[in-house]
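I have placed the structure first, in the form of structure tokens, so that the comments after it can refer back to it.
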Amino acid sequence: MTTNRFEQLPAQRALSVFFTAGHPRRDDTLTVLKLLQESEVNFVEIGFPFSDPIADGPTIQASNHTALANGMTLERLFDQLATLRTGEITLPVLLMGYLNPVEQFGRERFFESAARLGVDGLILPDMPFDEYLSTYKPLYQKHKIQPVFLVTSRTDEARIRAFDAERPAFLYVLSSDAVTGGKALVTTEREAFFQRLAGMKLTSRLIVGFGVSDRESFNAVTKHTAGAIVGSAFVRALNGASQGASQHRSDPQALRSLVNDFITQVR
Amino acid sequence: MKLEASPTGFFGEFGGAYVPEMLYPNVKELQERYLEIIHDATFECEFQSLLRDFAGRPTPLFRAATLSRLHGCEILLKREDLLHTGAHKINNTIGQILLAKRLGKTRIIAETGAGQHGVATATVCALMGIPCIVYMGEVDMQRQALNVGRMRLLGAEVRSVTSGSKTLKDATNEAMRDWIANPHDTHYIIGSVVGPHPFPDMVARFQSVISAEIKEQCQAAYASLPTHVIACVGGGSNAMGGFFHFIEEPSVELIGVEAAGCGVSSGRSAATIALGRNGILHGSRTLFMQTADGQVEEAHSISAGLDYPGIGPQHAHLHTVGRVTYVQATDAEALSGAKTLARREGIIPALETAHAVAHLSKMSFKPTDKVVLVVSGRGDKDMGTYLEAFGGRISDDN
């Protein structure tokens, strides 16, 4: 029944946005998702919060802590996503987060829930590739959820080719040696890295993340790649929706103008 | 039993290297090179001479006469508190700084809880002329102000960590983020048997000098092995060091004492073995205190060095297979243990060590028992806490 929703992505300049489920308010998840689709974002990563996000900078750390303080859990996220594919959401949706919450929820149960609700991909940055091959790959395959692997300027070619062979949704290319929200690499190093990747003729899409925050950085990193992900800058923009319509929801009008204004500034 | 890391760094089901791709090359380089480096004869020679001439090894195994009489057995104190910088932590930092030099690293980062590991790292960095940055929780900086001053005097930069519980767990997160941002020139000197493989195994090897000496000293004095080794456990480095060479000696009973804070079931404790569940924290699969949803819980202990929600993967394994018995001591029991050691033996121990001392009175011994207690550190850094806790009663006779 499912088609591969990643096939609908444009070959160039695909824009993806990351946000943390439960931030700024607990029940904003589907609203933000709909607004991103309205703004013609091409795909979305929904972060599920963890208390100790070691690969994230201050902005996303804070959004994780807000989400947890708001009472966000995986259980609740899956409840919120119950109507993900019953309405108008057609864009590819990935979940992204750390391994421990997945393991405590139960691996099989996690994959089963995500697949049932129409989630297309899952990014687990602290999952070792060995453990993907031994333990997680069968779950990804069984539930038709696509993996994503991170690639940095220090990832060697053999490893990149091994990632590519797993037919991921895309390769998540890091534009910097830093946690999320940091500065991108200096232009010359970054260009050389992207060109090296482009020269490898990989079958996977290259999507750049970390340090992409505005039109200038989006244009710069998508010159040699298929698209980019904006994370921290969007999460920071959402902080502006501090006025709630209710205890657990931000004001939808405030959210709408924040999301629209933000995406207009990037595209 | 043997305690050996599998090629991928597992001890039974615990361990491994759960790091994001940004840290993969650093961790892989360490995995591939640490054994070759530490087994190299020049490394070994340099390591041993610094342990002897700079740190002050071997440390005595002191027969505590009063405690021995009180408990009706031989109580032997392994005096790591007499080491340079005041705790066992320097055994590891000497090893790791020598390793960092061989890896060509020119910048050192570390996390610290009580500040002892931070001081030990700042010390070896000063010795070697390498810049040092120490991450320390804001809460710990307040309760261990003296150690902050020591690190700064030694030339280290101490960075205050204000995220999460503002203690050791968060300082560890922040050090890992620094390593992600500075992978080329930086070595991360982890202070305990925690973190991604090979850190738990590497730190255990550097600390294993403690049990190597105990074994030799016990043989010399009694022509036998000890019957018990007791040590406090936070992340678990002094305990791993104290247990290491006895793990394959089934006659030696090994006991780790965790911090129960206000009580194991009080909701304010750091009793990881008692309360922890299998999960992934700080790069390894281990036992740690977490919510049903997999969020790491904040620990509490009067001792900043034990105030950590997790434990090293070797300990998780040794507990699971039953080779080591893990027990708990509360804040109040530790304070009383500290007073006992001060009054009976003239040794003011660190609050961490005081937990191990406290456990002695819960045990019963045979007259032939030879019980080694690892005095992991001295109590200078904890005088503020002791004064506050004992208040006017500090001059009580008991």
Side-chain angles (χ1 to χ4, degrees), chain A residues 48-58 61-62 64-65 67-69 71-77 97-106 110 123-131 134 149-156 159-160 163 171-174 176-183 210, chain B residues 6-10 15-29 31 161-165 169-186 195-197 277-286 288-298 309-310:
Chain A
F48 50 90
F50 183 48
S51 52
D52 295 76
I54 57 166
D56 287 297
Q61 280 174 50
N64 276 257
H65 293 136
L68 292 173
M72 196 65 205
T73 62
L74 271 178
E75 202 88 45
R76 196 181 293 280
L77 175 61
Y98 293 82
L99 212 44
N100 195 55
V102 175
E103 298 231 336
Q104 301 309 318
F105 189 82
F110 182 96
I123 315 178
L124 297 168
D126 60 346
M127 171 182 63
F129 190 55
D130 287 349
E131 193 137 332
S134 66
F149 301 105
L150 272 58
V151 171
T152 79
S153 62
R154 299 164 74 232
T155 308
D156 67 40
R159 193 165 161 85
I160 296 172
F163 293 161
L171 290 177
Y172 194 133
V173 179
L174 270 59
S176 65
D177 287 334
V179 291
T180 54
K183 277 205 187 89
F210 287 38
Chain B
S6 77
T8 46
F10 279 88
Y18 294 81
V19 294
E21 186 62 23
M22 300 82 103
L23 283 181
Y24 179 81
N26 290 50
V27 166
K28 185 144 172 60
E29 179 187 32
Q31 288 173 358
V161 175
T162 55
S163 58
S165 56
K169 156 180 101 75
D170 309 282
T172 307
N173 290 340
E174 219 47 60
M176 288 198 168
R177 290 182 187 117
D178 181 308
W179 207 20
I180 286 172
N182 300 284
H184 299 277
D185 60 349
T186 300
H197 177 61
R277 293 205 319 277
N278 189 329
I280 293 154
L281 175 65
H282 292 150
S284 64
R285 189 181 288 283
T286 189
F288 60 93
M289 293 160 46
Q290 53 183 313
T291 65
D293 194 43
Q295 310 299 337
V296 185
E297 288 188 300
E298 292 179 8

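Just so we're on the same page: letters track the sequence lines, and every chain starts at 1.
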Just by modelled atom types, is the [Y] backbone N or O under 3.5 Å from a matching donor or acceptor in the [X] side chain?
X      : Y     : result
A/D126 : B/Y18 : no
B/Q295 : A/P49 : yes
A/T152 : B/M22 : no

Ignoring hydrogens, what is the shortest heavy-atom contact between [X] and [Y]? Give both atom names and the distance.
X      : Y      : result
A/I54  : B/I180 : O-CD1, 3.6 Å
A/N100 : B/F288 : ND2-CZ, 3.4 Å
A/D52  : B/K169 : OD2-NZ, 2.8 Å
B/A17  : A/P128 : O-CG, 3.5 Å

Sort [X] into side chain, backbone, both or neither according to what part of it lies under 4.5 angstrom from a heavy atom of chain A.
X      : value
B/T172 : neither
B/V19  : backbone
B/D178 : neither

Determine, step by step, whether B/I280 and A/E103 satisfy the side chain to side chain contact (heavy atoms under 4.5 Å, CB included) criterion, reporting the C-alpha distance in whole Å, the side-chain angles of both residues, the deciding distance to 0.1 Å, and the verdict.
-> CA-CA 9 Å; B/I280 293 154; A/E103 298 231 336; 4.0 Å; yes

From A/S51 OG over to B/L281 CG, what is the distance, rounded to the nearest 0.5 angstrom?
->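 Nearest 0.5 Å value for the OG-CG distance: 7.5 Å.
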
Is it true that A/R154 and B/E29 make a salt bridge, defined as a side-chain N closer than 4.0 Å to a carboxylate O?
->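 Result for this pair is no, no salt bridge flagged.
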
What option among A/F129, A/F163, A/Y98 has the most heavy-atom pairs under 4.5 Å with chain B?
->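 Highest number of pairs under 4.5 Å: A/F163.
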
Heavy-atom pair count under 4.5 Å with chain A, highest-scoring of B/R277, B/M176, B/Q290 =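 Option with the greatest count: B/Q290.
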
Relative to chain A, which of B/E297, B/K28, B/R285 shows the most heavy atom pairs under 4.5 Å?
->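 Most pairs with chain A among the choices: B/R285.
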
Tell me, for [X] versus chain B, whether the close heavy atoms (under 4.5 Å) come from the side chain, the backbone, both or neither.
X      : answer
A/F50  : both
A/D156 : neither
A/L124 : neither

Verify side chain to side chain contact (heavy atoms under 4.5 Å, CB included) between A/Q61 and B/E174, making sure each step is shown before the conclusion.
-> CA-CA 11 Å; A/Q61 280 174 50; B/E174 219 47 60; 4.3 Å; yes

Residue pair B/R177 / A/P53, side-chain heavy-atom distance below 4.5 Å |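 Result yes, sub-4.5 Å side-chain heavy-atom pair found.
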
Show the numbers, then the answer: is there a side chain to side chain contact (heavy atoms under 4.5 Å, CB included) between B/Y24 and A/R159?
-> CA-CA 11 Å; B/Y24 179 81; A/R159 193 165 161 85; 3.1 Å; yes

